[in-house]
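Worksheet: one structure, shown below.
Since we're looking at a predicted model, the values are computed, not measured. All residue numbers in this chain count up from 1 along the given sequence.
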Amino acid sequence: MCTDFMIRVDGNPVVNGRSMEFGLPLKSKLFFRAPGHAYGPTPGTGEFRHSWTGQYGFVGLDVFDLPLPVDGLNTAGLSTGTLWLPGSAYQKVDDPAKGLTVDRFCEWVLSSFATCAEVRQALDNRVVEVGAPVFLKELLPVHFPIHDATGDSIVVEFIDGAPRIHDNPVGVLTNDPPFPWHLQNLRNYTDLDPWDREKTEFDGFEVEQTGHGTGMMHLPGDSTPPSRFVRAAAMTTFAEPAKTHDEAVALAFHVLNTVDIPTGTSRSRKGVVEENDRTQWVAVKDLARGIYYTRFYDSPQAYAVDLDRVDLHALDGKQVAVPASPIAIDLTKSLADNAVAAAPLDA
């Protein structure tokens, strides 16, 4: 279960936030690729032989200690990530030289393109044929949100053995059902409004609201993909617009708080095995400034990587663990040094 969305700065959507939920520990680390890296065919899969040379470097987060990013931002301001979509059915690869396994789709997009339009054109022209070996078909039913620094946003899904590319007018994506269903589902929430419904009458008996927030009383609060989609769409639509990139980054973290899944609140049983999804990490990507922020479950502390200042060639193919963070910064010892006398009430 994951949630992905865009935040606008002065009307232009250029900050992307996403959460990563999973039941097994992902062991995610920051992963780096330099521009010009030569990507070879997927080892051990004869029908998937696509190779390419990357035009762009990127930073992202990988999983299971493998050099495979499931989220990232490149040096051109393009972002993408992997989100779960049960029922995905990939292409039958006709040309092994174009065959790309679905687990490498993120790194292909991040290393190859600057805009959503370029991704669309490459898929329309069948530059690659995205498929999955037998062992990946059940393990990786996924779809992909893609955003660029111009504010363009698309969703790539694989349905009935073919790629489906959708424009994303709301900049939001979660999980099952497929993306077009979620856009139609928003029709059930036309009553959502940031303004209070302050009072009403019942047969002449007037009542007032119990507190602020009555315009959002119909907002769903559970962790299912449809509810998280509606919640993220409402929050990004109705939140006070960000005027600066820093404000947009802060807002993205606040929106991510609204879709957070604490450990133990989303469980399932399959036979004797209990699955316990939780938000393992979140990422916020400033597409205009090229800054990748991340925060892990055990601490609210966020970390940032600035692509304009990092040496991607020195870090090419390297993994970097996000440092263990304190839950809070202790001010106790510095209180006396920073204390300022309060103004008297009668001043």
Heavy atoms only: give me the nearest [X]-[Y] pair and the separation to one decimal.
{"X": "L110", "Y": "L78", "result": "CD2-O, 3.7 Å"}
{"X": "P13", "Y": "R8", "result": "CD-NH1, 3.3 Å"}
{"X": "M1", "Y": "N175", "result": "CA-OD1, 3.3 Å"}
{"X": "A76", "Y": "A114", "result": "CB-CB, 3.6 Å"}
{"X": "V259", "Y": "R231", "result": "CA-NH2, 3.9 Å"}
{"X": "A234", "Y": "M216", "result": "CB-CE, 4.1 Å"}

Fill in the blank from the handout: For Y292, the side-chain hydrogen bond (donor to acceptor under 3.5 Å, both in side chains) test, sequence neighbours excluded, returns D71

Problem - All side-chain hydrogen bond (donor to acceptor under 3.5 Å, both in side chains) counterparts of E107, not counting sequence neighbours - result: R104

Would you say the side-chain atoms of [X] pair up with the backbone N or O of [Y], donor to acceptor, closer than 3.5 Å?
{"X": "Q121", "Y": "A117", "result": "no"}
{"X": "S112", "Y": "V109", "result": "no"}
{"X": "R295", "Y": "Y303", "result": "no"}
{"X": "S19", "Y": "T3", "result": "yes"}
{"X": "Q91", "Y": "V130", "result": "yes"}
{"X": "R267", "Y": "G264", "result": "yes"}
{"X": "T236", "Y": "A232", "result": "yes"}
{"X": "S299", "Y": "Y297", "result": "no"}
{"X": "R126", "Y": "L123", "result": "no"}
{"X": "D148", "Y": "C116", "result": "yes"}

Handout entry: V102/F144 under side-chain contact (heavy atoms from CB on, under 4.5 Å): CA gap, chis, key distance, verdict
Key = CA-CA 10 Å; V102 67; F144 304 89; 3.9 Å; yes

Examine [X] and [Y] and state if one hydrophobic cluster contains both, with Ile, Leu, Val, Met, Phe, Trp and Tyr joined whenever side-chain heavy atoms are less than 4.5 Å apart.
{"X": "L312", "Y": "F113", "answer": "yes"}
{"X": "I261", "Y": "F296", "answer": "no"}
{"X": "L251", "Y": "V230", "answer": "yes"}
{"X": "L256", "Y": "V322", "answer": "no"}

Practice task
Give the C-alpha distance, both sets of side-chain angles, the deciding distance and a yes or no for salt bridge (Lys or Arg N to Asp or Glu O under 4.0 Å) between D246 and R289.
Solution key: CA-CA 10 Å; D246 283 345; R289 295 188 299 181; 2.8 Å; yes

Practice task
Before giving the answer on side-chain hydrogen bond (donor to acceptor under 3.5 Å, both in side chains), spell out for D103 and T101 the whole-Å C-alpha distance, their side-chain angles and the decisive distance to 0.1 Å.
Solution key: CA-CA 5 Å; D103 55 316; T101 55; 2.7 Å; yes

Exercise for the section: Could you list the residues that satisfy ring pair (Phe, Tyr, Trp, His ring centres under 6.0 Å) with F229, not counting sequence neighbours? Expected result: H182

Problem - Residues D95, E129; criterion side-chain contact (heavy atoms from CB on, under 4.5 Å); working and verdict - result: CA-CA 8 Å; D95 182 353; E129 297 173 353; 4.1 Å; yes

Handout entry: Exceeds 12 heavy-atom contacts within 6.0 angstrom, atom CG of L335
Key = yes

Completion exercise
Contacts of D167 meeting salt bridge (Lys or Arg N to Asp or Glu O under 4.0 Å) (sequence neighbours excluded), chain-then-number -> R120

Handout entry: For I327, side-chain contact (heavy atoms from CB on, under 4.5 Å) partners two or more places apart
Key = P300

Completion exercise
Those residues at least two apart in sequence (or on a different chain) that pass side-chain contact (heavy atoms from CB on, under 4.5 Å) with P25 are none

Exercise for the section: Examine H218 together with Y189 and report whether their ring centres are nearer than 6.0 Å. Expected result: yes

Problem - Ring geometry between F105 and F158 (parallel below 30°, tilted from 30 to 60°, perpendicular above 60°) - result: perpendicular

Exercise for the section: Enumerate the residue pairs fulfilling side-chain hydrogen bond (donor to acceptor under 3.5 Å, both in side chains) with a member in residues 73-89, sequence neighbours excluded, ordered by first and then second residue. Expected result: N16-S79

Handout entry: Pairs flagged by salt bridge (charged side-chain N to carboxylate O under 4.0 Å, His left out) wherever residues 202-212 is involved - sequence neighbours left out
Key = K199-E206

Pair up each side-chain donor or acceptor in residues 56-69 with any protein partner under 3.5 Å, not counting sequence neighbours, and list the distances.
from: D62; atom 1: OD1; to: K29; atom 2: N; distance (Å): 3.0
from: D62; atom 1: OD2; to: Q319; atom 2: NE2; distance (Å): 2.6
from: D65; atom 1: OD1; to: K29; atom 2: NZ; distance (Å): 2.4

Fill in the blank from the handout: Besides W181, the hydrophobic cluster formed by Ile, Leu, Val, Met, Phe, Trp and Tyr side chains linked at under 4.5 Å, directly or via other members, contains none

Practice task
Return yes if a side-chain donor-acceptor contact under 3.5 Å exists between T294 and W281, otherwise no.
Solution key: no

Problem - Verdict with reasoning, N257 to D260, per side-chain hydrogen bond (donor to acceptor under 3.5 Å, both in side chains) - result: CA-CA 5 Å; N257 290 341; D260 189 71; over 6 Å; no

Completion exercise
Residues pairing under ring pair (Phe, Tyr, Trp, His ring centres under 6.0 Å) where one sits in residues 12-47, two or more places apart or in two chains, turn out to be H37-Y39, Y39-W52

Exercise for the section: With sequence neighbours excluded, give me every ring pair (Phe, Tyr, Trp, His ring centres under 6.0 Å) pair touching residues 239-259. Expected result: none

Practice task
Apply the test side-chain contact (heavy atoms from CB on, under 4.5 Å) to residues I165 and V155: give CA-CA distance (whole Å), side-chain angles for both, the deciding distance (0.1 Å), then the verdict.
Solution key: CA-CA 6 Å; I165 308 168; V155 173; over 6 Å; no

